[in-house]
Amino acid sequence: MIYDLPSGVEGLGCSKEDMDWFTLLASVSVMASGFGDGRILVNYPLTEKSDIESVLSKDLAVLRFGPELDSDERKVLGRLREKGYPVAVDHEADGDIQMDIGVVKVEGKTIDELKKYVEQLKAEGIESLAVGVNSMSSYKQCIDAGFDYFKGDFFRENRLLSSDKLTSNQVSRLELFTMLESDDCDFEELSRAIEKDVSISYRLIGLLNSPSFGFANKVSSVRQAVTLAGWQALRRWLRLAILTDIDPTPRGEHICYASAQRGRFLELVSLRLGFEKDRDSFFLLGLLSLLDVLLDLPMNVALADIPIDENISRALCHEKSPYRKWLGLIESLEKGEWERFRIIATKVALDTDAVNEDYFDSVMWANTFFYG
């Protein structure tokens, strides 16, 4: 599987003018190591920063090049391929450019055109990557066309299914989440409910027994976990365990990973700006920001029975709220909407030079939960 390097990281760290290129690549290397057998797609600027092999393993990345390469750049590309780096090149490139993956921009192309591109690439033994796949209909079209890989936000599309009826599994998970967020949460009742739920218990206990936590004693129950980790820490991991069990499909896992990473990123930003007492609210804001997509429901319906702060709820429903700008911050960062990002960052007095650090820290934190 190929994972796209987040647009936010590219825009803040991968420009040809950025002098911290190698620091970025080292961070990408660490981030990619959490994705199992997957690789990260890196848009690679060629110029003098071509010694990528000193900081990024060939087993962790696919290097993407543009279609127009001069003779020197072609030599760099060839050298990297000889060293075993997979190379992806836009399909419009001259026919004599060697590549492992052909990149095809799908916007505005018919299914017949897409099939033609894929067939041409396959005839030369080259895999295909569709980019700009931002809806499930586009994704299905690309599957029909025969693409090997897909890049875009198609998995985050809210399909808004014709029925707003939740499955019994989704209902039970939301009931647990509701209990967890209640101001008068009965810990004993919640513990019993979780311990009766094999799936949630398995996820939570397995996580707490992972090397990342380093407890001297093996955790065997929710009550013991509270003693070892504390209620506030356990509450955070319970939120994640419950959310990921709502939809255990690959699509659901991607959505939950993005939600967890958003939550941690916003929490880190809140701490950087001195909002210590609000850190949990910032985390919850990010964590629930894709709940509508996870459930394929309008956000107001998805949040209907979850007792969260009204300002958080209003922000999640795209209504006026002091929290709305923070969602705008992470959304603009993910989409590479740099003017919007800089306007928001300036308004909240956020040092953009620190964003990369918080972003990668949030990715590594999410990796701990999802990939061990």
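Computation of the quantities below employed the complete heavy-atom set of this structure, encompassing side-chain atoms and omitting hydrogens, waters and symmetry-equivalent molecules.
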Is the closest side-chain heavy-atom distance between [X] and [Y] below 4.5 Å?
X      : Y      : result
Ile255 : Leu243 : no
Arg340 : Glu331 : yes
Met364 : Arg264 : no
Leu316 : Leu291 : no
Asp309 : Ser281 : no
Lys116 : Asp112 : no

Which pair of non-hydrogen atoms, one from [X] and one from [Y], has the smallest distance, and what is that distance?
X      : Y      : answer
Leu327 : Ala315 : CD1-O, 3.6 Å
Leu290 : Ser259 : CB-OG, 3.5 Å
Ala145 : Leu114 : CB-CB, 3.8 Å
Ala260 : Leu240 : CB-CD2, 3.4 Å
Ser135 : Ser137 : OG-OG, 3.0 Å
Val118 : Gly146 : CG1-O, 3.6 Å

Scan for ring pair (Phe, Tyr, Trp, His ring centres under 6.0 Å) pairs involving [range], sequence neighbours excluded, and state none if there are none.
range            : result
residues 117-144 : His91-Tyr117, Tyr139-Phe150, Tyr139-Phe154
residues 283-312 : Phe283-Trp365
residues 304-324 : Phe282-Tyr323

> Can you list the steps and then say if Tyr149 with Val62 is a side chain to side chain contact (heavy atoms under 4.5 Å, CB included)?
Replying inline: CA-CA 12 Å; Tyr149 306 107; Val62 173; over 6 Å; no
For [X], side chain to side chain contact (heavy atoms under 4.5 Å, CB included) partners two or more places apart:
X      : result
Lys105 : Arg64, Asp90, Lys109, Val131
Ser220 : Gln224
Asp245 : Asn169, Arg173, Ser199, Ile200, Arg203

Hey, does the side chain of [X] reach the backbone of [Y] with a donor-acceptor pair shorter than 3.5 angstrom?
X      : Y      : answer
Glu113 : Thr110 : yes
Thr178 : Asp305 : yes
Ser313 : Glu310 : no
Arg279 : Glu267 : no

Under 4.5 Å between side-chain heavy atoms, counting indirect links through other Ile/Leu/Val/Met/Phe/Trp/Tyr residues: same cluster for [X] and [Y] or not?
X      : Y      : result
Val301 : Val293 : yes
Ile343 : Leu273 : no
Leu350 : Leu268 : no
Ile111 : Ile143 : no

>> Strictly by salt bridge (Lys or Arg N to Asp or Glu O under 4.0 Å), give each pair with a member in residues 138-148 just once, sequence neighbours left out.
In response: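 Found none.
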>> Under the rule for ring pair (Phe, Tyr, Trp, His ring centres under 6.0 Å), what residues qualify as partners of Phe147, not counting sequence neighbours?
In response: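 None.
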State the [atom1]-[atom2] distance between [X] and [Y], to the nearest 0.5 angstrom.
X      : Y      : atom1 : atom2 : answer
Leu176 : Ile242 : CG    : CD1   : 4.5 Å
Ser128 : Glu119 : OG    : CD    : 10.5 Å
Ile344 : Glu339 : CD1   : CD    : 10.5 Å
Arg324 : Arg314 : CZ    : CZ    : 12.0 Å
Ser289 : Leu294 : OG    : CG    : 11.0 Å
Leu303 : Leu297 : CG    : CG    : 10.0 Å

Identify, with sequence neighbours excluded, every residue that meets side chain to side chain donor-acceptor pair (under 3.5 Å) alongside [X].
X      : result
Asp358 : Arg272
Gln261 : Ser362
Asp100 : Arg81
Thr346 : none

> If you measure only the distance, is there a donor-acceptor pair under 3.5 Å linking the side chains of Thr249 and Asp247?
Replying inline: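 Judged by distance alone, the side chains do pair up.
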> Where do Ser321 and Ile312 land on the side chain to side chain contact (heavy atoms under 4.5 Å, CB included) test, with the steps shown first?
Replying inline: CA-CA 7 Å; Ser321 163; Ile312 294 178; over 6 Å; no
> Can you list the steps and then say if Val269 with Val348 is a side chain to side chain contact (heavy atoms under 4.5 Å, CB included)?
Replying inline: CA-CA 10 Å; Val269 167; Val348 299; over 6 Å; no
>> Between Leu284 and Arg239, is the side chain to side chain contact (heavy atoms under 4.5 Å, CB included) condition met? List the steps.
In response: CA-CA 9 Å; Leu284 190 60; Arg239 285 168 170 169; 3.9 Å; yes
> Is it the case that more than 12 heavy atoms not belonging to Lys325 sit under 6.0 Å from its NZ atom?
Replying inline: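 Enclosed: over 12 neighbouring heavy atoms sit under 6.0 Å from NZ of Lys325.
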